[in-house]
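Have a look at this one.
Reminder, nothing fancy here: chain letters follow the sequence lines and each chain counts from 1.
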Amino acid sequence: MQQKLNLYNTLTRKKEEFEPLHAPFVGMYVCGPTVYGEPHLGHARSAVTFDVLYRYLKYQGYKVRYVRNITDVGHLENDADEGEDKIQKKAKLEHLEPMEVVNHYTNIYHQEMDKLNVRQPDIEPRASGHIMEQVQMIQEILDNGFAYEVNGSVYFDVQTYNKQHKYGKLSGRIIDDLLNNTRTLDGQEEKRSPLDFALWKKASPTHIMRWPSPWSEGFPGWHLECSAMSRKYLGTTFDIHGGGLDLMFPHHECEIAQSQASCNHTDAAKYWVHNNMITVNGQKMGKSLGNFINLSELFSGNHEMLEQAYTPMTIRFFILQAHYRSTLDFSNEALQAARKGYTKLMNGMRVLKKLKYTEEAVENAPDTKLNEELQKLTQDCFRGLNDDLNTAKTIASLFNLLKKINSLYLGQIKMEELSRGTFDLMRDTYQELVGDVLGLKEETVGNMQDVLDLVLTFYKEAKEQKAYDKVDAIRVELKRQGIVIKDMKTGIDWAYEE
RNA sequence: GGUAACGUGGCCGAGUGGCUAGGCUCAGCUCUGCAAAAGCUGCUACAGCGGUUCGAAUCCGCUCGUUACCUCCA
C-alpha cells in the first residue's frame, strides 16, 4: 500500500529499503542489558526503539523472530586481565550469589519493560546458558587461524584477521589509527596486540563464575555471547542486528569479526541498526558518568533531578517523539510536554471509539477535497515510519489527523462530508498506529477509591431525596462493574461483588 | 591526538535545495452558566561569516561552540 520500510544501515551509512533474507521471515537480534544494576532511561530508549521496529514489522505481516539477550557473564569492568566481572563485583558487594544478582535485576528489567509496554522478545537467551556454543565457536576461530591461546586464555588475532578481512568496517575505524592511539592498559602482556580481544579468559583463583573448556577453567569474553546466541537462534546470517550506538565499537565490530572468522559469513547481519543516546544537559547519560536516572526513579519521581514522577507512557512517548538516531535531551520541561502530548493522543483514541459512521450520510456527496486531504494525512503517518522508523514524523502526522477527528467529534466537520472508506481508513490508521505500532496505551488516571467515594456521596444524596430511580441506576451500573453497595446502619460502603 | 557527529524559534524536537513539521509554553478569538476540552489565529527559527545556485536550515569552505567513540555503558 505504502512505500516500503527504509532503515539506516550503519554498515553502509545509508538508508536502505528493507528486504528480508527469507521473506516473510525476519530474524532480529538486539543487545539486551547486562543485569548488574537497575534499568535506566537509556535502556528504555533502546528497548522502546526496537520494540516499535518489532511491532511495525509484525504489523506489516512479517513473521519475526526477535531475540534479545541477557548478559549475565563475561562483561568485564575493563579490558585488562584484572578486570572484574560486573556481575561478580556486584555479588561480592551485596553478599549474594552471582545468579541471585542476575535474577534480581533480570526480574526488575522485565517489570519495567512491561510497564513501558515493551513486548517480550520471542527468545531471551542468557550468556551463561550458552557456554557450550561459545566454546565451540572459539574452537572454530582457533581452527581457522584467527585466534591464539596464551596461558589458558584465548584471544582474537585482529591483525591476522585484518589481512584477509576488514576489521573496523562497521565503525569506520582504521586499524593503524587504532594501533597508534590505543591507550595502554595494565595486564595486557598476554595479548600480541592491544587490539586483540578475549574470546576465553582463564579464571583467576578468586573468580567465582567459571566453566570448563579445552583451554582452562574460565569464562567467555563479552563479545562472544551475542555471536554465539544470534547464530544459534537466527542462523549464521540474519536480517537485523540492533543495539545502542555505544556498542558499535568495539562490541559489534568484534561480533562481525567473530562471525566471519568462525564460519566465514560476512557481516553477521544484513542491517545494523543503532539507537542514539539520551543526554542530560547535552552530556550522555551513562553509568560511568553517574548521571543516569533509573526507571523506577522516573516512575516514582524520587531523584534529585526530577521535579515530579512521570508515568511509563509519558516516558515512552518522550522517547518516540524524537527520531531514534538523534540524541534526546532529558529535562523536566520536555517530559511535562510529553505527558500532555501523550494525553492528547489518548483522548483521540477515546473520541474515536465514540465516533460512528452514519449510514444515511451516504446520500450526500462527500467532499472530495477533504477526503483527499485525510487520505494524504494517513499516508503521511506511514511515510514517517517507513522513513527509517521516524516516529517523530509519524506522531506529528497523527496530531494532524487528530485535529480532523476532533473536528468531526465537535461537528465542525460533518460526517456526510466523508466517504465511508475515508472514515474507516482514518480510524484504523489512528488506532492501529497509536496502539499497535507505537505501543501507547491508556493509563488509568486518578484514584479509583476517590472516584467511588464521590459516587457514594451522590448515592447517599439521592437516597435522602428519595430519588430512587437514581439510586437504582447507580446500583445497576456499579454492579455491572463488579461492585456492590452496602447500605449499613453505620453508613454506606462498597465491596467487590462475590 | 585520531575518528564521527551536532548547533533549528521561550522549551523539546522533525526536516539532506523550492512545498505549514508537530508537541509544550505564551497571547487572542469561537464555543461556553463558570471552567475545562476542542477548533481557529498569532508570536518569536534555522550558531557566525563567506561561497555554489534562479533559489539553502538543507550543498561547499572557514570560524566559534557542544558532544560522542577511541576503556565499561542502551
**OP:** Pick base, sugar-phosphate or nothing for A:Thr279, based on heavy-atom distances below 4.0 Å to the nucleic acid.
**Re:**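 Counting heavy atoms under 4.0 Å across all strands, no contact is made by A:Thr279.
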Subject >> Length of the line joining A:Ile413:CD1 and B:A38:P, which is rounded to integer Å >> reply: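 Going from CD1 in A:Ile413 over to P in B:A38 covers 16 Å.
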**OP:** Would you mind classifying the nucleic acid contact of A:Asn347 as base, sugar-phosphate or nothing, using non-hydrogen atoms under 4.0 angstrom?
**Re:**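 Nothing, no heavy atom under 4.0 Å.
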**OP:** Would you mind reading off the distance between A:Leu389 atom CG and B:A14 atom P, rounded to a whole angstrom?
**Re:**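 Nearest whole value for this atom pair: 13 Å.
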**OP:** State whether A:Asp51 and A:Arg55 are salt-bridged, where the test is any N-O pair (Lys NZ or Arg NE/NH1/NH2 against Asp/Glu carboxylate O) under 4.0 Å.
**Re:**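 Salt bridge: yes.
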Subject >> Euclidean distance for P, B:C29 against B:U67 (whole angstrom) >> reply: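 To the nearest whole Å, 45 Å.
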Subject >> P-based separation of B:A38 from B:C24 [nearest Å] >> reply: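 Their P atoms lie roughly 8 Å apart.
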Subject >> C1' gap between B:G42 and B:G10, integer Å >> reply: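 Going atom to atom, C1' in each nucleotide, I get 15 Å.
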**OP:** Looking at every strand, decide which applies to A:His274 at a 4.0 Å heavy-atom threshold: base, sugar-phosphate, or nothing.
**Re:**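 Contact class for A:His274: none.
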Original post:
Is the distance from OP1 or OP2 of B:U25 to the nearest side-chain N or O of A:Lys340 less than 4.0 Å?
Top reply: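 Looking at the OP1 and OP2 atoms of B:U25, one of them is under 4.0 Å from a side-chain N or O of A:Lys340.
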**OP:** Sticking with atom P, work out how far B:C43 lies from B:A27, rounded to a whole angstrom.
**Re:**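 Between the two P atoms, the distance is 16 Å.
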**OP:** Round to a whole Å and report the spacing from CZ of A:Phe318 to P of B:G13.
**Re:**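 Spelled out: CZ on A:Phe318 to P on B:G13 is 7 Å.
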Subject >> N-O pairing of A:Glu373 and A:Lys369 below 4.0 Å >> reply: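 Looking at A:Glu373 and A:Lys369, the cut-off is not met.
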Original post:
Does the side chain of A:Lys284 get closer than 4.0 angstrom to OP1 or OP2 of B:C69 through an N or O atom?
Top reply: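 Affirmative; the distance criterion is met.
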**OP:** Determine which nucleotide pairs with B:C29, using a 3.5 Å limit on both distances of a Watson-Crick or G-U wobble pair.
**Re:**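 Its partner is B:G39 (Watson-Crick or G-U wobble, both distances under 3.5 Å).
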Original post:
Just checking A:Met248: base, sugar-phosphate only, or nothing, at a heavy-atom cut-off of under 4.0 Å?
Top reply: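 The residue A:Met248 makes no contact with any strand.
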Subject >> Minimum-distance nucleotide to A:Asp329 side chain [options: B:C70, B:A74, B:C12] >> reply: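 Selected nucleotide (nearest to the side chain): B:C12.
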Subject >> Stacked cation flag A:Arg325 on A:Tyr8, 6.0 angstrom / 45 deg >> reply: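 Yes, a cation-pi geometry holds between A:Arg325 and A:Tyr8.
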Original post:
Base, sugar-phosphate, or nothing: which does A:Ile278 touch, judged by heavy atoms less than 4.0 Å apart?
Top reply: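 Answer is base: heavy atoms of A:Ile278 come under 4.0 Å of a base.
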Original post:
Is B:C69 paired to anything, Watson-Crick or G-U wobble with both distances less than 3.5 Å, and if yes, which nucleotide?
Top reply: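 Base partner found: B:G2.
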Subject >> Length of the CE-P vector between A:Met285 and B:C73, whole Å >> reply: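 So the CE-P distance, A:Met285 to B:C73, works out to 18 Å.
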Original post:
For the residue pair A:Phe399 and A:Phe317, does the interplanar ring angle fall in the parallel (under 30°), tilted (30 to 60°) or perpendicular (over 60°) class?
Top reply: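 If you compare the ring of A:Phe399 with that of A:Phe317, the planes turn out perpendicular.
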Original post:
The side chain of A:Ala396 lies closest to which of these nucleotides: B:C24, B:A21, B:A74?
Top reply: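 Per side-chain heavy atoms of A:Ala396, the pick is B:A21.
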Original post:
With sugar-phosphate meaning primed atoms plus P, OP1 and OP2, does A:Gly42 contact a base, only sugar-phosphate, or nothing at under 4.0 Å between heavy atoms?
Top reply: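 Base contact.
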**OP:** Take atom NZ of A:Lys376 and atom P of B:A21, then tell me their distance rounded to the nearest Å.
**Re:**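 Rounding to the nearest Å, NZ of A:Lys376 and P of B:A21 are 12 Å apart.
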Original post:
Across the strands shown, which category fits A:Ala334 at heavy-atom distances under 4.0 angstrom: base, sugar-phosphate, nothing?
Top reply: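 Sugar-phosphate only.
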Subject >> Of A:Gln412 and A:Asn400, the one whose closest RNA chain B nucleotide lies more 5' >> reply: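 This one resolves to A:Asn400.
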Subject >> Assigned partner base of B:A47, Watson-Crick or wobble definition, under 3.5 Å >> reply: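 Across all strands, the one nucleotide that pairs with B:A47 is B:U63.
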Original post:
In whole Å, what separates the C1' atom of B:G15 from that of B:A45?
Top reply: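 The answer is 13 Å between these two C1' atoms.
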Subject >> Residue A:Ala337, side-chain atoms from C-beta onward, closest of B:C12, B:G23, B:A74 >> reply: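 Comparing B:C12, B:G23, B:A74 against the side chain of A:Ala337, the answer is B:G23.
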Original post:
Which listed nucleotide (B:A14, B:G13, B:U67) is nearest to the side chain of A:Lys393?
Top reply: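 Shortest atom-to-atom distance from the side chain points to B:A14.
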**OP:** Give a yes or no on whether the ring-centroid distance for A:His252 and A:His223 is below 6.0 angstrom.
**Re:**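 No, the ring of A:His252 stays outside the 6.0 Å limit from the ring of A:His223, centre to centre.
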Subject >> Stepwise side chain to side chain contact (heavy atoms under 4.5 Å, CB included) test for A:Phe318 and A:Tyr310 >> reply: CA-CA 10 Å; A:Phe318 171 67; A:Tyr310 300 98; over 6 Å; no
Original post:
Between the side chain of A:Asn275 and the main-chain N/O of A:Arg45, is any donor-acceptor distance below 3.5 Å?
Top reply: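 The answer is no, because no donor-acceptor pair under 3.5 Å joins these two groups.
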Original post:
Of the nucleotides B:C12, B:A74, B:G39, which one has an atom closest to the side chain of A:Asp246?
Top reply: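 Ranking B:C12, B:A74, B:G39 by closest atom to the A:Asp246 side chain puts B:A74 first.
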Original post:
Which one is paired to B:U58, where only Watson-Crick or G-U wobble pairs with both distances under 3.5 angstrom count?
Top reply: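 When the pairing criteria are applied, nothing turns out to pair with B:U58, so the answer is none.
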Original post:
If we take the P atom in both B:G50 and B:U16, what is their distance in whole Å?
Top reply: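 Taking atom P in both B:G50 and B:U16, they lie 26 Å apart.
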Original post:
Base, sugar-phosphate, or nothing: which does A:Ala322 touch, judged by heavy atoms less than 4.0 Å apart?
Top reply: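 Result for A:Ala322 = sugar-phosphate.
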Subject >> Rounded distance (Å) that lies between atom P of B:A37 and atom CG of A:Leu402 >> reply: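 After rounding, the reported distance stands at 14 Å.
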Original post:
Considering only B:C11, B:G39, B:G15, which nucleotide approaches the side chain of A:Lys403 most closely?
Top reply: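 Closest of the options to the side chain of A:Lys403: B:G39.
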**OP:** Considering non-hydrogen atoms only, spot the tightest contact between A:Phe18 and A:Leu7 and give its length.
**Re:**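 The pair with the smallest heavy-atom distance is CD1-CD1, 4.1 Å.
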Subject >> Per A:Leu410 side chain, nearest of listed nucleotides B:G22, B:G39, B:U67 >> reply: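 The listed nucleotide nearest to A:Leu410's side chain is B:G39.
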Original post:
Roughly how far apart, to the nearest Å, are B:C73 and B:G18 at atom C1'?
Top reply: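 Approximately 44 Å lies between the C1' atom of B:C73 and that of B:G18.
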Original post:
Is A:Asp122 salt-bridged to A:Arg68, cutoff N-O under 4.0 Å?
Top reply: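 Between A:Arg68 and A:Asp122 there is no salt bridge, as every charged N stays at least 4.0 Å from the carboxylate O atoms.
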Original post:
B:A68 phosphate, OP1 or OP2: any side-chain N/O from A:Asn276 under 4.0 angstrom?
Top reply: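 Checking B:A68 against A:Asn276, no side-chain N or O comes under 4.0 Å of OP1 or OP2.
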Original post:
Can you find a side chain N or O atom of A:Asn406 that sits less than 4.0 Å from OP1 or OP2 on B:G39?
Top reply: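 Yes.
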Subject >> Rounded interatomic separation in angstrom, taking CD1 from A:Ile174 and C1' from B:G1 >> reply: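 Those two atoms, CD1 and C1', are 16 Å apart.
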**OP:** May I ask you to verify if any side-chain N or O of A:Ser326 is less than 4.0 angstrom from the OP1 or OP2 atom of B:A14?
**Re:**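 Yes, such a contact exists.
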**OP:** Calculate the interatomic distance between A:Tyr324 atom OH and B:A14 atom P; express it in whole Å.
**Re:**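 Checked: the OH to P distance equals 12 Å.
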Subject >> P-based separation of B:C72 from B:U52 [nearest Å] >> reply: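 It comes out at 48 Å once rounded to the nearest Å.
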**OP:** Find the partner of B:G22: check Watson-Crick (N1-N3 plus N6-O4 or O6-N4) and G-U wobble (N1-O2, O6-N3) distances, both under 3.5 Å, and reply none if neither fits.
**Re:**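 Across all strands, the one nucleotide that pairs with B:G22 is B:C12.
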Original post:
Which comes earlier along RNA chain B counting from the 5' end, the contact point of A:Phe399 or that of A:Arg173, where each point is its nearest nucleotide?
Top reply: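 The answer here is A:Phe399.
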